[in-house]
Amino acid sequence: MDCPRLAGTIHFYQFARGPCPDMRFSRMVSKTLRSDPPDAETASHRLLLRAGLIHQVAAGVYSYLPLALRSLRKIENIIRKEMDAAGGQELMMPALQPEELWEQTGRREAFGDNMFSLEDRRGRPMVLAPTHEEVITNLVKANVQSYRDLPLILYQIQTKFRDEPRPRAGLVRVREFDMKDAYSFNADESSLDESYQAMAQAYRNIFRRCGLPVLMAEADSGAIGGKDSHEFLLATNTGEDTVITCPSCNYTANAEKAESTYPEVEAEPEQALEEVSTPGIKTIAGLAEFLDVPESKTLKAVFYMSDGEPVFVTIRGDLDVNEVKLKNALQSHDLRLAEDEEVKAAGLVAGSASAIGLTDIKRVADVSITSGSNFVVGANKPDTHFHGANYPRDFQADLITDIALAQPGQLCPRCGHVLDSTKGIEVGHIFKLGTFFSEVLGADFLDAEGQQHPIIMGCYGIGVGRLLAAAVEQNNDDNGIVFPAPIAPYQAHLVGLNIATEEVAEAADKLYQELQDAGIEVLYDDREDAAAGVKFNDADLLGLPVRLVVSPRNLKAGVVEIKGRADAEAGSVPLGGVEEAVRDRLAAASEWYLL
RNA sequence: CGGGGUGUAGCCCAGCGGUAGGGCGCCUGCUUUGGGAGCAGGAGGUCGGGAGUUCGAUUCUCCCCACCCCGACCA
C-alpha cells in the first residue's frame, strides 16, 4: 500500500532522522514468525528470531534487521556518552590486519584457530582482528612520547571476529560481533587505577542507563597481565558463567576466581595408616557411603595434563577442583584432564590413587588437605584404600595452594556469611593489562626526570550484540520480549484496529504524526489485512514499552487505549492527552535507572 | 575435536523404491474485524551436495557439506 510519508522522501529521512525512520508496520521488512523456531532453545535466540530482529547467515553470523539495529544504536549511543564523559576519545581501527603484527606479540599462536585468517592478493597473510591491543599500542607509540601526553583513554565501537569453536544461543556467542573496546594508557599504577575506576563507574552508568541491573564480579585475569579484572554480568537462567555472591557483604566473583571458606574439620589425634578393602569403589560418594565417613574425611585424586606433563592433584573429597585456579598456579598454557591411557602410563590407579608414595610425578594439592586429619585415601592398588592418612606425615605435595571451586553453601571469604550463586551472561570485562604490550611493541614515554618507561595499559570491553541478547534473555514473558525502555527499538507501538474504516485511519494517522512531531519514536501498525489478534500478538512479541490502540470502540468514547508492556491491564486516555500519557508511562518505566 | 540430532516451498512439518503433500504465509476476488477469521481460485520445489545400487532414488548404501544441542574450548 502507499506510504505517503516515505514515498519520494527516503533520502530526506535518512539524513534527517538517521538510518531508521519511524516506521509503519506494513512497510517493515521483517516478518514475525507465527511459531517458535525449533532450533532456538534459549529465550533470547528464540525471541530475536521470532520477532524478526535477526536473521542467521551462518553459524554465529547474523544479519541485524532494522528493529535490532535501532536497539543496537541506542546501546552504542549510551556507551558513547558515558565513555566520552569518562574522558574517552572515540576512534576506529581496522578489522583487517597483517598477521605479522600478531606474531610480534606471540598472540597469533595464542589465539590459534580462534583467529580468522586469510591472504591478500599478493599472498600476504592477513587476519580478522578479534581485539585491538596490537594496533592501538602501535598507534599510541607513534603519538605519545611524554608523560605530559598521559593519561589517555581511547575507544572504538567496531566489528570483531573470533572463530569460536562453538557458536551458540543466537547472539550470545557469535563469530562476528559488534563490540566496544577501550584502552587506557597511564604513566604509573595509581593513574592506571584512576582510569580503571573511571571505566568501572562508566560501566555501571551504562548498564543502569540501558535499564539493566548488572553484577560486577571479580574475574580471573587470564594468562596476560595484571592484578585487577572485573566482569559485568546480567543474571539470567541460561548464562554461560556462574557468579558466586554474598548476600551479606556483596562479595561478588566469577566462580572461576571466587574464594570461599568452609567449616573446619575437627582435628583429631593422628591414627595409624591402615589399609582397607574397598571392592568396586571408584567414587568419593561411593567411598564415603561404603566406609560411613563424611566426604570431607576423604581425599580426592584428579589427574591433569599440563603442557604435556602429567600432574597429580589432591583435594578434600567434598570439594571440586577449580581448573582456572589450577592453571594459574601451574602457569600452564594448556591444561586438561588426563585421558585413561595417560593415567595408566603414569602408573596411577584410577579410583584408588593417592599421593602416598608418589615421587616421580608433579603433585599439587589444595590447601584443604592441611586442615583435616585421618583421611581416607587411595592405596594405589585396585579396590584398596588407606584409612588414617595425614599430611605431611604420610604424603607431601610439590605445590599447596587454593585450587578449590567455590560453591554456594560455603562461606564468604570476607564476612563468613553463606554464599549464594547465580548464572549470568558476561556483557562487559575490564582489565588491568600492565606493560605486556607496551614492552613488546616498544611503546615508551619519558617521565619528568627524562627516564624512559613502558606505558601502563588497561583494556575495557562491552559486547553490544550480546548485551541486546542478554537484555532479552532477562526481560521476556510467555508472550514475547519486554524491552527495557532505553534500548527498545521504538518507544511506542501504535495499533490501529479496523484501520480500513476512514475514521480510524484518520485518527490513527493523525496520532502517529503528532507523536512523531513530539519526538516519540513510534512503530505504527497500519496493516489493513491483519486481524486484531494478530496485531496484539505481534505487539506483545516485539515488546515495545507502550502500546496504544485506536479503534472504532475507543474513538466512539473519545479515547485511546494505553498499556505498558509489563502491565496486566490496559487503561485509556482522552485523544488529546496521549502524548503526555506516553511520557508518563516511559518515565514510570524508567524510574529506577534514572535515579 | 568427541557424542547426539536435523536437512523436503518464505516458516513449521508429514511422506515414500514409481518423479512430492499438509498447515501457516504469499497472490486474486468476496466476506470479515478487540487476542494468530471464513469461502473460492492461484503461484511457489535442483526433496542439502556428490557417487553408487536399481528399469526407475526424495526414499536404499557410501562419502561430503551445512545447521542445532551437550562436552572440550572460550587472553
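By convention in this document, chain letters (A, B, ...) are assigned in the order of the sequence lines, proteins followed by strands, and residues within each chain are numbered from 1. Nothing here was measured: the structure is a model prediction, and the numbers come from that model.
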Using a heavy-atom cut-off of under 4.0 Å over every strand shown, decide if P130(A) touches base, sugar-phosphate, or nothing.
nothing
Would you mind classifying the nucleic acid contact of A59(A) as base, sugar-phosphate or nothing, using non-hydrogen atoms under 4.0 angstrom?
sugar-phosphate
For Y524(A), does the six-membered ring have the charged nitrogen or CZ of R24(A) within the cation-pi criterion, i.e. under 6.0 angstrom from the centroid and within 45° of the normal?
no
Under 4.0 Å between a side-chain N or O of R166(A) and OP1 or OP2 of G71(B)?
yes
Output yes when at least one side-chain N/O atom of Q56(A) is less than 4.0 Å from OP1 or OP2 of C68(B), else no.
yes
Could you state the CD-P distance from E164(A) to C1(B), rounded to the nearest angstrom?
16 Å
When all nucleic acid strands are considered with a 4.0 Å heavy-atom cut-off, which category describes A539(A): base, sugar-phosphate, or nothing?
nothing
Show the distances under 3.5 angstrom between N or O atoms of the protein and N or O atoms of nucleotides 31-35 of chain B.
{"unit_1": "U33(B)", "atom_1": "O2'", "unit_2": "N498(A)", "atom_2": "OD1", "d": "2.2"}
{"unit_1": "U33(B)", "atom_1": "O2'", "unit_2": "N498(A)", "atom_2": "ND2", "d": "2.7"}
{"unit_1": "G34(B)", "atom_1": "O6", "unit_2": "S551(A)", "atom_2": "OG", "d": "2.2"}
{"unit_1": "G34(B)", "atom_1": "O6", "unit_2": "N554(A)", "atom_2": "OD1", "d": "3.1"}
{"unit_1": "G34(B)", "atom_1": "O6", "unit_2": "N554(A)", "atom_2": "ND2", "d": "2.7"}
{"unit_1": "G34(B)", "atom_1": "N1", "unit_2": "E561(A)", "atom_2": "OE1", "d": "2.9"}
{"unit_1": "G34(B)", "atom_1": "N2", "unit_2": "E561(A)", "atom_2": "OE1", "d": "2.4"}
{"unit_1": "G34(B)", "atom_1": "N2", "unit_2": "E561(A)", "atom_2": "OE2", "d": "3.2"}
{"unit_1": "G35(B)", "atom_1": "O6", "unit_2": "R547(A)", "atom_2": "NH1", "d": "3.0"}
{"unit_1": "G35(B)", "atom_1": "N1", "unit_2": "D540(A)", "atom_2": "OD2", "d": "3.1"}
{"unit_1": "G35(B)", "atom_1": "N2", "unit_2": "N537(A)", "atom_2": "OD1", "d": "3.0"}
{"unit_1": "G35(B)", "atom_1": "N2", "unit_2": "D540(A)", "atom_2": "OD2", "d": "2.3"}

Taking atom P in both U58(B) and G2(B), what distance in whole Å separates the two?
31 Å
Taking the same atom, P, in A51(B) and in G10(B), what whole-Å distance lies between them?
24 Å
Evaluate F232(A) against F207(A) for ring-ring contact (aromatic ring centres under 6.0 Å, His included), listing each step before the verdict.
CA-CA 9 Å; F232(A) 293 80; F207(A) 296 116; 5.8 Å; yes
Atom pair CD (E99(A)) and CZ (R107(A)), whose distance is rounded to the nearest 0.5 Å:
14.0 Å
For D220(A) and A75(B), give me the distance from atom CG to atom C1', rounded to whole Å.
10 Å
How is T131(A) classified with respect to the nucleic acid when contacts are heavy atoms under 4.0 Å: base, sugar-phosphate, or nothing?
base
Counterpart residues, salt bridge (Lys or Arg N to Asp or Glu O under 4.0 Å), relative to K423(A) (two or more places apart):
none
For a quick check of understanding: with a heavy-atom distance under 4.0 Å over all strands, which category does E133(A) fall into, base, sugar-phosphate or nothing?
base
Give a yes/no verdict on a cation-pi contact between K160(A) and F177(A), requiring under 6.0 Å between NZ or CZ and the six-membered ring centre and an angle within 45° of the axis.
no
In whole Å, what is the span from the CG atom of L49(A) to the C1' atom of C67(B)?
13 Å
Any stems for RNA chain B, made of 3 or more Watson-Crick or G-U pairs in a row, each with both distances under 3.5 Å?
B:1-7 with B:65-71, B:10-13 with B:21-24, B:26-30 with B:38-42, B:48-52 with B:60-64
By nearest heavy atom, map K31(A) and R175(A) onto RNA chain B; which one lands nearer the 5' end?
K31(A)
Suppose you measure atom C1' in U54(B) against the same atom in U61(B); what distance do you get, rounded to whole Å?
12 Å
